[in-house]
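Owing to the predicted nature of the structure, the values given are computational and were not obtained by experimental measurement.
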Amino acid sequence: MQASNRLRNVFAAGKQAMGMWQMIPGANVSRILASSGVDWVMVDCEHGNMDDRAMHDAVPAIAALGVSPIVRIPDMQGWMVKRALDAGAHGILVPLLRSAAEAREIVQSAKFPPVGKRGFGSPIALSRFTPVPSFTEYLTQANDAILTMVQIETQEALNEVEEIAAVPGVDVLFVGPFDLGECPWQTQPPCSLGEITVTRPPDTTAGNNIGEPILDGVVTDTLKTAIGRVLAAAHKAGKKCGMYCANGAQAQASAAQGFDMINVATDYTSLQTLVQEELSVATSQAKPERGVSY
């Protein structure tokens, strides 16, 4: 099974893995992304328009092209891990992690006994690997073949990032730059987002993030330092580190920085940009400037 997990093989070879992000449902969208030459496609069930059925359509379409389907689950819940892995995902990405204790819980949900407590019963997952394993082979090999990834995008996780990286069974720390940088609710003075000031009652618990939002494409030095800390912690623990990028230029910069798993483009925003540019050509208008995410 490990041999058919392309992303794991790229990691094992010490190479960097480029990927695409799927937010629009449809197996044909999955095939377009997977046939682009990347090593993995992220099926985004957290922020994308991807429900359980869309996930079950996307995973086999991606796997059939020899590319690793990775599923970002909507929330850090064990049953969501099970649904993604039973669909045949080659790995899972868990958002909004807060602690090493939660990372250990995720590993428990993702691994079969005796390492974890994942239940066994889906015949669907087997055919997403080539050659197709038997039930026994899947049961005995899945723990080593499937990747467990956690997103570092909260202040709490950043505080424990070295401990999280050391958790056995966690393969990848993935940076969520937008959430990591966003304003916490209890920032003094109130955190400003342009003309909007974010406030909450004083008895509200602290928010997710470090209070350094990405505005107008500007990444602050504090956020850069935080991202660098995640990268260093992952590599020190012998783990891989992933980074979400909005375009090829950002992906190139992240590769030069030493990230191992790098998103290159997202279907929704790429389609949006393309149709706007083509319409500008057809109507002899100035080509619109490409938006800068960060």
Side-chain angles (χ1 to χ4, degrees), residues 2 5-12 15-22 38-48 50 55 58-59 62-63 67-78 80-85 87-111 115-116 118 128 142-154 157-158 160-180 227 230-231 233-235 237-245 254 258-264:
Q2 288 193 49
N5 187 331
R6 179 166 169 172
L7 179 55
R8 181 174 278 283
N9 290 338
V10 172
F11 285 161
K15 298 179 180 179
Q16 292 171 311
M18 299 291 179
M20 294 287 178
W21 213 268
Q22 181 174 359
V38 294
D39 301 302
W40 56 275
V41 173
M42 186 68 67
V43 180
D44 190 356
C45 298
E46 184 193 15
H47 292 306
M50 306 292 289
M55 176 190 71
V59 167
I62 296 163
V67 173
S68 289
I70 311 298
V71 174
R72 177 160 75 167
I73 61 177
D75 192 20
M76 195 189 62
Q77 298 186 39
M80 295 181 181
V81 174
K82 177 165 57 178
R83 291 298 295 166
L85 295 183
H90 291 191
I92 52 155
L93 177 61
V94 181
L96 292 173
L97 188 82
R98 297 184 184 277
S99 67
E102 288 184 346
R104 287 188 282 270
E105 291 178 12
I106 290 300
V107 173
Q108 286 287 299
S109 297
K111 304 293 186 182
V115 178
R118 178 187 171 192
R128 310 316 181 219
N143 282 357
D144 294 325
I146 294 171
L147 295 162
T148 302
M149 314 177 192
V150 296
Q151 269 192 273
I152 307 299
E153 52 184 352
T154 68
L158 184 63
E160 295 188 24
V161 68
E162 289 81 11
E163 186 180 351
I164 291 169
V167 171
V170 170
D171 300 294
V172 179
L173 304 189
F174 200 99
V175 177
F178 300 108
D179 275 332
L180 181 60
I227 291 171
V230 178
L231 178 62
H235 287 174
K239 308 296 178 67
K240 302 299 182 179
C241 195
M243 182 67 169
Y244 178 87
C245 297
S254 291
F259 284 92
D260 308 287
M261 179 182 179
I262 306 161
N263 184 65
V264 176

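The shortest side-chain heavy-atom distance between V71 and P69 does not fall under the 4.5 Å cut-off.
For the pair K111 and I146, the tightest heavy-atom approach, listed with the atom from each and the gap, is NZ-O, 3.7 Å. Counting all heavy atoms, side chain and backbone alike, I92 lies closest to A84 at CG2-CB, 3.8 Å. Among all heavy-atom pairs drawn from L7 and A17, the shortest one is CD1-CB, 3.3 Å.
Take W21 and apply the side chain to side chain donor-acceptor pair (under 3.5 Å) test, not counting sequence neighbours, and it matches D44. Judged as a side chain to side chain donor-acceptor pair (under 3.5 Å), and not counting sequence neighbours, the contacts of N5 are S68. Annotation: side chain to side chain donor-acceptor pair (under 3.5 Å) contacts of R6 (sequence neighbours excluded): D39. With sequence neighbours excluded, the residues satisfying side-chain contact (heavy atoms from CB on, under 4.5 Å) with Q16 are A255, I262. Every residue meeting the side chain to side chain donor-acceptor pair (under 3.5 Å) condition with D75, not counting sequence neighbours, appears here in chain and number order: Q77.
The distance from atom CD1 of I152 to atom CZ of R98, rounded to the nearest 0.5 Å, is 12.0 Å. Taken from CG in L96 to CD in E153, the straight-line distance is 4.5 Å, to the nearest 0.5 Å. Note that NE2 of H235 and NZ of K240 are 6.5 Å apart. Values are rounded to the nearest 0.5 Å. Note that CE of M261 is 8.0 Å distant from CG of L147, once rounded to the nearest 0.5 Å. In this structure, M20 CE and I70 CD1 are separated by 15.0 Å, a value rounded to the nearest 0.5 Å. The distance from atom CD1 of I73 to atom CD of Q151, rounded to the nearest 0.5 Å, is 10.5 Å.
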Chi angles and distances behind the side-chain contact (heavy atoms from CB on, under 4.5 Å) call for H90, R8 = CA-CA 9 Å; H90 291 191; R8 181 174 278 283; over 6 Å; no
Let me see the working for V94 and E105 under side-chain contact (heavy atoms from CB on, under 4.5 Å), right down to the final yes or no.
-> CA-CA 11 Å; V94 181; E105 291 178 12; over 6 Å; no
Determine, stepwise, if the pair R72 / H47 fulfils side-chain contact (heavy atoms from CB on, under 4.5 Å).
-> CA-CA 9 Å; R72 177 160 75 167; H47 292 306; 3.3 Å; yes
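When N263, I227, L231, V230 are each tested for a side chain to side chain contact (heavy atoms under 4.5 Å, CB included) with M243, only one passes: I227.
Side-chain atoms of R128 come within 3.5 Å of backbone atoms of A87 as a donor-acceptor pair (strictly under, hydrogens ignored).
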Which pairs would a plain distance check flag for residues 160-177, meaning a side-chain donor or acceptor within less than 3.5 Å of a matching protein atom at least two apart in sequence or in another chain?
{"from": "E160", "atom 1": "OE1", "to": "A100", "atom 2": "N", "distance (Å)": "3.0"}
{"from": "E162", "atom 1": "OE1", "to": "R229", "atom 2": "NH2", "distance (Å)": "3.0"}
{"from": "E162", "atom 1": "OE2", "to": "R229", "atom 2": "NE", "distance (Å)": "3.0"}
{"from": "D171", "atom 1": "OD2", "to": "T148", "atom 2": "N", "distance (Å)": "2.8"}

